[in-house]
Every structure is written in structure tokens, then in C-alpha cells.
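Small disclaimer: the values here were computed from a predicted structure and weren't measured. Read the numbers this way: they start at 1 and go in the same order the structure lists the ligands and their atoms.
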Amino acid sequence: MKILVLNAGSSTFKCALYESAQNGLNPDPLWSGLTDYTSAKAQSTLERFLKPIFHEEIDCIGHRVVHGGEAFREPTLLTPAVLKKLKHVSELAPLHNPANLLGIELLSSFFPNKPHAAVFDTAFHQTLPEPAFTYPVPLSWKKEGIRRYGFHGISHAYCLQKTAQILGKPKGRLNMISCHLGNGCSLTAIRQGKSVDTTMGLTPLEGLMMGSRCGSIDPGILLQKLRQGTPWKDLEETLNKHSGFQGICNTNDLRIILKMSTPEAALALEMFRLNHLRHFGAMLASINHLDAISFTGGIGENSPWIRSETAKAFPWLGLKLDASLNRKSPADQLISSKTSKIPIVIIHAREEWSIAQACLKLVQTSVTL
Ligand code: ADP
């Protein structure tokens, strides 16, 4: 079987084509790529971009959908009724879901007779207990859908699966903290293989300081800005695109910031460290036992600095990195020393492959039914 995966962001299309063999889905794609687009030229861009694979016999198309709301708890085959519900959920994720829906619409026109499936970033967090997903605001707001959903679920679920494999333990028995640190950053507390707390909330704006998103800030700041007349659209833009690292030192690229010697760069690094550790501590509160810590994403996988700061910050946990392994950043491997009380692993993010895997499972089960 051949499965095409589309990850449609607000300005980029990321695609990968996978093929299944007898022992499962090959993690190395047959073809993959990324292209920028503008909404006016989305169709022609995607058509040109996919040209190299139009002749392939594709069996299923998988779409990453950021927000599944309360309606979607599992990977779902797309039907007109499902699409209608998804459009409704889009109101909760105005910055993400419309791009995902555009991708679905375009690929459905290119591959009209093939099964299309949606895989949701929120699905892994459907196990959050009620006190963890309810905000301390009037309870009536929850009926409007205002609650914590959590994101990066495809990535956190994959890190759980891969960490269990590396440690040789069943994933349903694992208690761990999964750190996804990329342009977007989130941590998830996993108890007995289930997400029980996570740093992102109703939207992917909550939680850690990120590349260009503010993460958690005093909601009073927004009220102050609104009171002073800042339009909400400007606030949305500023908090999503001009905050975080970008807001403090004019770049969202940690590689550049690590090389800068300005006071702003030093401040941003210290803010990020403190912010990450605060949230890490918060995740610890939700699990009474820790079997592993995983790092993934551009920063999590490649920055020895943030991993070593994490290990240093909680000495009573007995975290010890193997300094040489930490420096080398090996993928899908333990980087803790033999004397560490808790194993620490780096997991290479494979979100597209995880989506393809979910689609394969979905198509196979619907065929058996
Ligand atoms: P996205 O969330 O957009 O998928 P990535 O997971 O690719 O983003 O992460 C991007 C971040 O990873 C950027 O801040 C980038 O600077 C950082 N990064 C990539 N490589 C390194 C590295 N070697 N050291 C430190 N940071 C890195």
C-alpha cells in the first residue's frame, strides 16, 4: 500500500509518500517535500508540488488536522458529515484548521476516489482528567467548548511508543514526561501510557515560551491591551507571531540566538530555560512515578543545552546525562548515564510517518469490517 500524508500549515505544505512492506510501514518515505504557498495560489502550488508522484498508485491520503475538538477522538475517515463537523470545530482553531481543511479540499479534488483520513493533534489528550482540562472560569464556558484540548498529540504519542520500545517496556505501563521542543513547544505528563496533563490548552498558544508564541502569560495583559484600544486581531498576530524568542531577540531560530552575544539573547535563553523548567515541574505534579523523559522537535533533538539544564534542575530525581552522548544528540537512543535513576531519551520526530501509520491501520480495519 502507498499512503500520501499532507501536513498543511498556514503558509507551507509538507508532504510525504510512504509504502508498506510485509513488516509494516517503511519509516523512510519514497518521496517527501515542503513548499511555501499563498492562499491565492494554493491549488496551482500544490498541483505543481505533487507532480513527481501523480503517476503513483496511492491507496490512502492522510491529513494532519490540528484541532479535533470534543467530536474527534481517533483517526477518522473523511465523509461529507465528518467534514461538516470539522468546519464547526475550526472555530476553535482559526489559525490552524482552515489551512488543514484547504489541504483536504485540494487533495480530495486531485484524488477523488481514494479514502482520505484525518489524524488529530488533540486526540492523544482525550484522556485528560476533567480537573486537568477544565479552566477555572464560569463553568458555562465549557459548554461553548472552552477547555484544555492539548496539541502535538501525534508527536507525544509517537514518543511514548518509541520510548517504550527503547526501554523494552509495554507503553501502557509507562509514566513519563514527553518534551516536544520545536518552533511550537509543549510538554505532556503521561501516566500508564495516557496523557494526564499537558501544557497547551484551548489553543496551541498556552504553555511554554516558543519560537514566536508567547505561551502562558497573565490574561490581565490582554485586558490591558484591549482596554487601551489594541484590536483583537493585532493581539492575535502579536501573541502568535511576534512573541516568544522572536519578541525578545527578533529571531525565532535558537541556533542563531545561541551564537548571539547580546543582552537580549542572554535574557531570552534564561527565560526559555526557566519557563521550560517551571512547566516541567508542573508536569511532575501529575504523575507520581517517573520512568522516562523524552526530548523531540528541532530544539529537543538538537540542543544539548536544554537537556542538560533539565537534568541539572531536579537533582533529587537523580537525572544523569552521559555528557558525550548528550553532546552528540543521537536519535532514538538513551542519552542518560548508567547511574541515572531515570532514563532520558532523544526521539527523532516522525509526525508524517505516525499519520501514515494511523491511516494504514484505519484503512485495514475498515476493509476487514
Ligand atoms: P517546527 O515546530 O516548526 O516543526 P522544528 O521542530 O523544526 O520546528 O524546530 C525548530 C527549532 O529547532 C528552531 O528554533 C531551531 O533553531 C531549533 N534547532 C534546530 N537545530 C538546532 C540545533 N542544532 N541547536 C539548537 N536548536 C536547534
Side-chain angles (χ1 to χ4, degrees), residues 5-16 29 32-37 64-67 93 95-96 99-100 103 119 121 150-159 162 178-188 198-200 203-215 240-261 264-273 275-276 294-310 321 325-332 335 346-355:
V5 172
L6 173 65
N7 183 349
S10 56
S11 59
T12 58
F13 290 126
K14 227 184 201 177
C15 278
S32 68
L34 181 145
T35 185
D36 292 327
Y37 76 95
R64 178 190 191 173
V65 178
V66 169
H67 214 313
L95 293 177
H96 297 86
N100 305 155
V119 182
D121 264 311
F151 296 87
H152 287 147
I154 298 164
S155 168
H156 290 301
Y158 176 69
C159 286
K162 199 75 195 168
S178 163
C179 309
H180 180 114
L181 307 175
N183 252 322
C185 299
S186 74
L187 308 183
T188 293
T198 191
T199 55
M200 283 178 168
T203 72
L205 199 52
E206 197 185 344
L208 275 74
M209 165 179 168
M210 308 181 211
S212 65
R213 282 175 246 165
C214 59
N240 277 288
K241 302 203 174 134
H242 307 289
S243 298
F245 279 125
Q246 180 73 39
I248 305 296
C249 33
N250 278 324
T251 171
N252 65 354
D253 192 331
L254 183 62
R255 279 167 298 194
I256 298 174
I257 298 167
L258 284 168
K259 288 192 192 133
M260 283 162 70
S261 50
E264 289 80 11
L267 172 65
L269 290 175
E270 185 52 18
M271 285 168 63
F272 183 71
R273 184 189 77 86
N275 201 289
H276 163 69
S294 66
F295 287 92
T296 193
I299 297 175
E301 289 172 44
N302 299 303
S303 164
W305 165 69
I306 198 66
R307 296 189 300 255
S308 108
E309 291 298 331
T310 311
L321 283 168
L325 283 176
N326 187 40
R327 238 187 343 266
K328 289 185 198 141
S329 298
D332 303 331
I335 51 161
I346 294 178
I347 307 292
H348 176 46
R350 287 186 186 274
E351 282 170 300
E352 279 79 25
W353 184 63
S354 301
I355 295 169

> N275 and L208: which non-hydrogen atoms are nearest, and at how many Å?
Replying inline: OD1-CA, 3.3 Å
> Side chains of T198 and H152: donor-acceptor distance under 3.5 Å anywhere?
Replying inline: no
> For D253, is at least one N or O under 3.5 Å away from an N or O on ligand 1?
Replying inline: yes
> What are the atoms of ligand 1, with element, lying closer than 4.0 Å to any heavy atom of G184?
Replying inline: 2 (O)
> For N252 and ligand 1, does the shortest N/O to N/O distance drop below 3.5 Å?
Replying inline: yes
>> Using the rule side chain to side chain contact (heavy atoms under 4.5 Å, CB included), only one of N7, L6, V5 pairs with K14; which is it?
In response: N7
> Will you find, in the side chains of T310 and H276, an N or O donor that is under 3.5 Å from an N or O acceptor?
Replying inline: yes
> Which heavy atom of the protein is the closest neighbour of atom 8 (O) of ligand 1, given with residue, atom name and distance?
Replying inline: N183 N, 3.2 Å
> To the nearest 0.5 Å, what is the distance between CG (L321) and CZ (R327)?
Replying inline: 11.0 Å
> atom 24 (N) of ligand 1: which protein heavy atom is closest, and how many Å away?
Replying inline: N302 O, 3.6 Å
>> Out of A349, G298, G297, who is nearest to atom 18 (N) of ligand 1 when you count heavy atoms only?
In response: G298
>> Let's go through R213 and N240 carefully: what are the C-alpha distance in whole Å and the side-chain angles of both, what is the deciding distance for side chain to side chain contact (heavy atoms under 4.5 Å, CB included) to 0.1 Å, and is it a yes or a no?
In response: CA-CA 4 Å; R213 282 175 246 165; N240 277 288; 3.8 Å; yes
>> Protein heavy atoms near atom 2 (O) of ligand 1, is at least one of them under 4.0 angstrom away?
In response: yes
> Angle class for the F245/F272 ring planes (parallel below 30°, perpendicular above 60°, tilted otherwise)?
Replying inline: tilted
>> So, 4.0 Å and heavy atoms of G211: is ligand 1 close enough to count as a contact?
In response: no
> Based purely on interatomic distance, does S303 place a nitrogen or oxygen under 3.5 Å from a nitrogen or oxygen of ligand 1?
Replying inline: no
> So which protein heavy atom does atom 11 (C) of ligand 1 come closest to, and at what separation?
Replying inline: I299 CG1, 3.8 Å
> side-chain hydrogen bond (donor to acceptor under 3.5 Å, both in side chains) with H180: which of S155, S186, S294?
Replying inline: S155
> How far is atom 4 (O) of ligand 1 from its nearest protein heavy atom, and which residue and atom is that?
Replying inline: K14 NZ, 4.6 Å
